[in-house]
Amino acid sequence: MDAQYQPQAVEFEAQRFWEEQKCFEVTEDPNKEKFYCLSMFPYPSGRLHMGHVRNYTIGDVISRFQRMRGKNVLQPMGWDAFGLPAENAAIKNNVAPAKWTYENIDYMRTQLKQLGFGYDWQREVATCRPDYYRWEQWLFIKLYEKGLVYKKTAPVNWCPHDVTVLANEQVIDGRCWRCDTLVERKEIPQWFMRITQYADELLTELDHLDGWPEQVRTMQRNWIGRSEGAEIQFTVEGSGEALKVYTTRPDTLLGATYLAVAPEHPLALRAAQTNPLLAEFINQCRTMATAEAAMETMEKLGFNTGLTAAHPLTGKHLPIFAANFVLMGYGEGAVMSVPAHDQRDWEFAHKYGLPITQVIAATNGDVVDLTTAAYTEKGVLINSAEFSGLSSAQAVDAITNKLASTGLGKKRVNFRLRDWGVSRQRYWGAPIPMIHCAACGTVPVPEQDLPVVLPENIVFEGVGSPIKKMPEFYRTHCPKCGGEAERETDTFDTFMESSWYFARYASPDNDQAMVDARAKYWLPVDQYIGGIEHAILHLLYARFFNKLMRDVGLVENNEPFTNLLTQGMVVASTFYRLGDDGKKNFFNPAEIIPERDERGRLVAAKAKSDGQPVIVGSTEKMSKSKNNGVDPQILVEQYGADTARLFMMFAAPPEMSLDWSDAGVEGASRFLRRAWKQVHDHVAVGATTPLTVTELTSEQKQLRRISHQTLFRATDAYERRFSFNTVISGTMEMLNAVAKFEDRSAQGRAVRQEALEIAALVLAPIVPHIAHSLWYALGKTEAVVHARWPLADANAMKADEIELVVQVNGKLRGRVMVPTSANKAEIEAFAMSDVNVQRHLEGQVIKKIIAVPGRLINVVV
RNA sequence: GCCGGGGUGGCGGAAUUGGUAGACGCGCUGGACUCAAAAUCCAGUGAGGGAAACUUCGUGUCGGUUCGAUUCCGACCCUCGGCACCA
């Protein structure tokens with residue numbers, strides 16, 4: 001054994017061993033308990049970032065721990081390879097997205113190997129390869145045949161100057177990121193998947209996902225947003241056509257004083273034909289952003305269409321407004337407005353001078369003040385004809401029943417969840433396998449013609465997708481009639497690929513089926529790990545896809561991920577200067593010199609390049625667009641993979657967000673050097689004799705107690721709590737105790753040997769390379785990667801004496817050592833004997849004594 | 001705006017079920033070793049008072065429940081993530 005810890009040599013040797021022994025290549029073994037541990041696969045952006053290192057270290061720690069527990073562990077890795085950044089890089093560097101992506105994958109694979117993650121590389125998938133996405137195309141056609149896929153128009157962000165569709169990310173303050181043109185909404189035909197058909201199951205199954213964090217389940221519940229209410233039909237006066245609205249508060253129906261429809265609603269458009277001012281208003285609404293956050297924060301505007309509708313109960317004439325906050329694609333594209341009992345309606349009514357009619361009174365008789373805000377509580381009905389006097393709950397039934405009797409309304413369950421629009425007007429994605437024939441309409445690509453391959457060798461000009469200008473791609477023949485036809489040139493949303501990759505890892509080489517019987521062994525994923533930012537969209541789509549695959553007979557499990565660990569984000573400060581055009585030019589943290597106040601907080605910064613100040617922006621998740629990523633490669637090269645892994649796991653518990661700072665990396669490295677030296681100094685003396693547990697001194701017993709308690713706590717931390725940071729701090733304490741333990745006797749050395757073995761095993765999942773070396777150094781013949789996790793010895797953990805805290809009125813006044821065998825009276829006597837405690841009890845009357853076994857005594861005076 | 005997190009020393013964090021607040025690490029201060037530096041080792045380190053024993057305050061803010069609250073409840077402030085075309 002080297003006297004010095006040399007991470008490069010240690011890591012090279014361990015990685016060579018794992019690869020030669022094929023330690024992480026697994027097959028289905030029905031005799032062994034399986035454990036499928038999956039970390040969210042990366043987008044191949046070019047280099048690993050800290051978030052990846054954090055994510056994949058957590059996954060590897062859990063995988064290696066479960067291996068030591070004797071499970072058959074599958075840990076695969078792959079690439080979420082389609083997406084917008086490849087197109088951006090193509091424009092910037094004049095390189096085809098495919099080439100750029102494959103090169104990134106090659107580099108990042110090397111980085112992952114350098115970090116020592118135990119992946120089964122035989123199962124690697126890249127979603128941009130036709131042998132992967134052909135199955136997605138295949139499933140899409142199956143779902144089309146089942147009626148779960150349909151086409152409708154939906155809005156996109158449209159740049160009229162570049163004549164292209166923009167992603168939300170490419171819209172900055174309502175303008176195109178490239179040319180600053182005002183972005184418009186444009187309705188275009190797109191493909192949708194009926195996720196709403198699964199809304200009920202997606203919602204109710206959340207109750208059984210006990211292995212998921214409660215916060216994620218809550219977010220998904222709210223996102224799906226089941227509500228019970230009524231569909232109510234108003235009648236447009238003049239034309240007599242029906243105008244349906246959905247409301248969760250049918251009890252307030254008599255308080256409706258106007259209706260609001262989306263600007264794109266057919267009624268509004270028709271009225272605009274004879275009303276230029278309304279047409280102008282509708283036109284203005286076209287510049288409205290598509291993002292919900294922007295919709296909700298914008299100024300609520302409306303315009304009277306001049307049309308009126310008859311109230312279904314009173315027949316009153318209610319004005320119909322076109323309003324920018326009503327969404328055409330959501331519900332009926334129309335809402336009834338009750339300004340007395342809805343805050344948004346209240347504000348709108350005040351702005352446009354519309355009547356406010358109170359129809360709900362407080363149950364407790366309090367006066368309702370409608371001059372400052374709407375009254376949104378449930379209560380008792382007033383001003384509601386025959387319904388007055390009913391409670392809100394009674395009125396919901398009474399009013400919907402009345403409406404039902406005239407055919408003007410019915411109870412309805414509504415979901416906030418909308419169907420999933422999967423069309424993207426972009427190049428770097430999986431082609432949607434559909435053909436448009438003038439004679440036959442939309443025809444799916446026949447199964448034997450799959451995959452529809454995306455041409456990779458293209459010239460990327462910047463605006464617009466190249467395949468939309470490639471006749472050799474889109475010109476084809478109709479599979480039905482054989483006539484001239486055109487392919488769909490839109491590609492799939494990249495969330496499609498990431499919605500089923502977890503299943504493909506079980507049968508990555510099958511060219512006859514999407515997944516095969518092997519999936520039944522491995523699925524569901526036992527532990528899924530990924531960023532909290534995926535709590536809703538990705539995780540909901542993956543759950544949806546799992547159910548789709550189940551319903552076409554591919555898998556048996558209802559849910560894809562039994563346990564979920566949502567890792568907190570790695571965040572960092574942003575630095576930028578404003579350009580002449582008002583755009584932010586971001587600086588990487590490596591390019592600036594920070595200035596901190598006396599509390600260590602960042603207050604200002606200068607650029608290294610010119611020494612001039614840069615603006616310190618908000619702290620955000622590390623991303624390319626904000627250029628605030630810190631490259632982990634430097635860490636690995638300077639200190640080795642184990643230090644990088646150790647520091648990542650030590651810096652914070654996995655679920656907490658981590659504000660990046662490299663202060664402390666040195667400490668992690670120092671700890672590994674000390675551990676190495678301790679083992680070295682111990683084994684340099686020679687082999688140890690076996691431990692005789694019955695003949696130990698109290699110091700020897702104490703070190704054993706610490707060792708086994710550390711093991712006991714680490715087991716729970718790995719298995720249940722995922723608090724890897726406390727595994728590390730616990731091991732540090734233990735090795736500190738070993739360092740202070742100076743006993744050189746044979747039994748003393750045996751106790752030390754046991755402690756060092758426990759340290760190597762406990763640390764092995766986190767720092768597997770150094771553990772590999774230390775384990776051999778401690779005289780073991782089998783590699784630590786094959787070692788079994790030991791059980792903590794309950795006898796070794798027992799103490800003869802225990803420290804009790806003595807409080808007087810809840811304040812700490814003393815500590816006493818008490819034999820563990822002492823009874824209640826003896827413990828109280830010990831507590832009262834403390835000098836300081838006596839001082840505080842002098843002249844006081846003892847009211848009560850509270851004893852918490854093994855912890856404290858509180859004397860109440 | 002809506003939904004979901006987070007806030008504890010100079011810094012990262014610990015305190016597992018309402019029971020010793022600040023484990024462990026970083027940084028800093030002092031010392032040892034060294035010609036010197038690095039590395040390493042030893043000691044100290046929440047704030048105030050005290051020579052010390054000890055004591056008062058202290059977990060974003062304000063209020064509540066309790067013998068006892070970082071932990072439970074209510075209101076608020078700040079901050080982060082998501083909001084359906086970033087992934």
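Only a predicted model underlies this, so the values are computations on that prediction, with no experimental measurement involved. Letters A, B, ... mirror the listed sequences (proteins, then strands); counts begin at 1.
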Distances for protein N/O vs nucleotides 51-54 of chain B N/O pairs under 3.5 angstrom?
unit_1	atom_1	unit_2	atom_2	d
rC54(B)	O3'	Arg839(A)	NH2	3.3

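- Side-chain N/O atoms of Arg673(A) include one lying less than 4.0 angstrom from OP1 or OP2 on rU40(B).
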Taking only N/O atoms, report every protein-nucleotides 73-83 of chain B pair under 3.5 Å with atom names and distance.
unit_1	atom_1	unit_2	atom_2	d
rG81(B)	OP1	Lys621(A)	N	3.2
rG82(B)	OP1	Lys621(A)	NZ	3.4
rC83(B)	O2'	Glu292(A)	OE1	3.3

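- In this structure, Phe724(A) and Tyr718(A) have tilted ring planes: the angle between them lies in the 30° to 60° band.
- In summary, the aromatic rings of Phe671(A) and Phe650(A) are positioned with their centroids too far apart to meet the 6.0 Å limit.
- Gln425(A) comes within contact range of at least one nucleobase, with a heavy-atom separation under 4.0 Å.
- Across every strand in view, rC28(B) sits in a pair with rG44(B) that passes the Watson-Crick or G-U test at under 3.5 angstrom.
- Distance CH2 (Trp428(A)) to P (rC86(B)): 19 Å, rounded to an integer number of Å.
- For the pair Asn736(A) and rG25(B), the criterion of a side-chain N or O lying under 4.0 Å from OP1 or OP2 is met.
- Ring geometry for His538(A) versus Tyr528(A): interplanar angle of 30 to 60°, hence tilted.
- Using a 4.0 Å heavy-atom cutoff across all strands shown, Tyr43(A) reaches sugar-phosphate atoms only and no base atom.
- At rG19(B), none of the side-chain N or O atoms of Asn858(A) fall inside 4.0 Å of OP1 or OP2 (strictly under the cut-off).
- Taking syn as a glycosidic angle within 90° of 0, rG9(B) qualifies as syn.
- For Arg670(A) and rU40(B), a side-chain-to-base donor-acceptor distance below 3.5 Å is absent, hydrogens and geometry of angles not being considered.
- Classification of the Trp100(A)-Tyr43(A) ring pair by plane angle, with boundaries at 30° and 60°, yields tilted.
- Taking 3.5 Å as the limit, the base of rC85(B) and the side chain of Asp493(A) contain no donor-acceptor pair of atoms between them.
- The distance between atom CD of Gln4(A) and atom C1' of rA38(B), rounded to the nearest whole Å, is 13 Å.
- Atom NZ in Lys811(A) sits roughly 8 Å away from atom P in rG58(B) (whole-Å rounding).
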